[in-house]
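Reviewing the structure listed below.
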Amino acid sequence: MSQANKATLERANAAIVEGDYEGFLSVCTDDTKWTFVGEQTLDGKEAVRQWMARTYKEPPKFDVHRLVAEGDIVAAIGEITLKDEAGKATHHSYCDVWRFRDGKLAELHAFVVETGQQAGPR
């Protein structure tokens with residue numbers, strides 16, 4: 001199960017990079033819950049959809065350093081670059097801890113720290 005969950009997360013992240021947010025959401029449970037530690041919690045697929053529309057002005061750039069899986073949990077450690085409404089790129093380090101249910105993304109605990117601006121795309 002762990003390897004299948006890792007593969008699902010890799011496909012989901014690939015969809016995000018392609019701008020296919022609905023493709024990403026198709027592997028989330030309807031009641032998915034995302035907690036951005038110290039910031040906010042999103043309850044349900046529609047809340048995540050709205051957050052993506054606000055946050056991803058263009059598809060983010062991911063650099064996943066490591067995926068660690070055990071049972072129904074997959075942790076992703078890496079870096080992400082996002083652009084704001086003005087087109088300014090910001091760079092973040094992150095650790096996403098996902099819980100899967102029935103092969104879908106059911107819960108996220110995201111630990112994200114802004115590390116500064118990038119000079120250009122990664």
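Here, residue 1 is the first one in the sequence, and each next residue gets the next number. Scope of the values below: all heavy atoms of this structure, side chains included, with no hydrogens, waters or symmetry mates.
By the ring pair (Phe, Tyr, Trp, His ring centres under 6.0 Å) test, Phe62 is found to be paired with no residue, residues two or more places apart in sequence or in another chain being considered. By the ring pair (Phe, Tyr, Trp, His ring centres under 6.0 Å) test, Phe36 is found to be paired with Trp51, residues two or more places apart in sequence or in another chain being considered. For the side-chain contact (heavy atoms from CB on, under 4.5 Å) test, residues two or more places apart in sequence or in another chain that qualify with Arg101 are Thr29, Asp31, Arg99, Ala106.
Summarising the geometry, atom CD belonging to Gln40 is positioned 9.5 Å from atom OG1 belonging to Thr35; distances are rounded to the nearest 0.5 Å. Here Lys45 contributes atom NZ and Thr32 contributes atom OG1; the two are 8.5 Å apart, rounded to the nearest 0.5 Å. Taking CG of Asn5 as the start and CD of Gln3 as the end, the distance is 9.5 Å to the nearest 0.5 Å.
Judged by distance alone, the side chain of Thr115 and the main-chain N or O of His91 form a donor-acceptor pair under 3.5 Å. Side chain of Ser2 to main chain of Gly71: a donor-acceptor pair is present (N/O by atom type, distance under 3.5 Å, no hydrogens or angles). With hydrogens and angles ignored, the 3.5 Å screen pairs no side-chain donor or acceptor of Lys83 with any backbone N or O of Lys57.
Two residues are said to be in side-chain contact when any heavy atoms from C-beta on lie closer than 4.5 Å; Leu105 and Leu108 fail this criterion.
In this structure, Arg66 places its CZ atom where only 12 or fewer heavy-atom neighbours from other residues, nucleotides or ligands lie under 6.0 Å away. The number of heavy atoms from other shown groups lying within 6.0 Å of NZ (Lys33) does not exceed 12.
By the criterion of side-chain heavy atoms lying less than 4.5 angstrom apart, applied directly or through intervening Ile, Leu, Val, Met, Phe, Trp or Tyr residues, Leu9 is grouped together with Val64 in one hydrophobic cluster.
Minimum heavy-atom separation, Met52 to Trp34: CE-CH2, 4.2 Å.
Annotation for Val113: hydrophobic cluster partners, listed by chain and number, are none (ILVMFWY side-chain heavy atoms under 4.5 Å, direct or chained). Here Ile73 sits in one hydrophobic cluster together with Val37, Val97, Phe111; the rule is ILVMFWY side chains under 4.5 Å apart, joined directly or through other members.
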Using distance only, find each side-chain donor-acceptor pair of residues 14-27 under 3.5 Å and give its atom names and separation, not counting sequence neighbours.
unit_1	atom_1	unit_2	atom_2	d
Asp20	OD1	Gly23	N	2.8
Glu22	OE1	Arg49	NH2	2.9
Glu22	OE2	Arg49	NE	2.7
Ser26	OG	Gly23	O	2.6

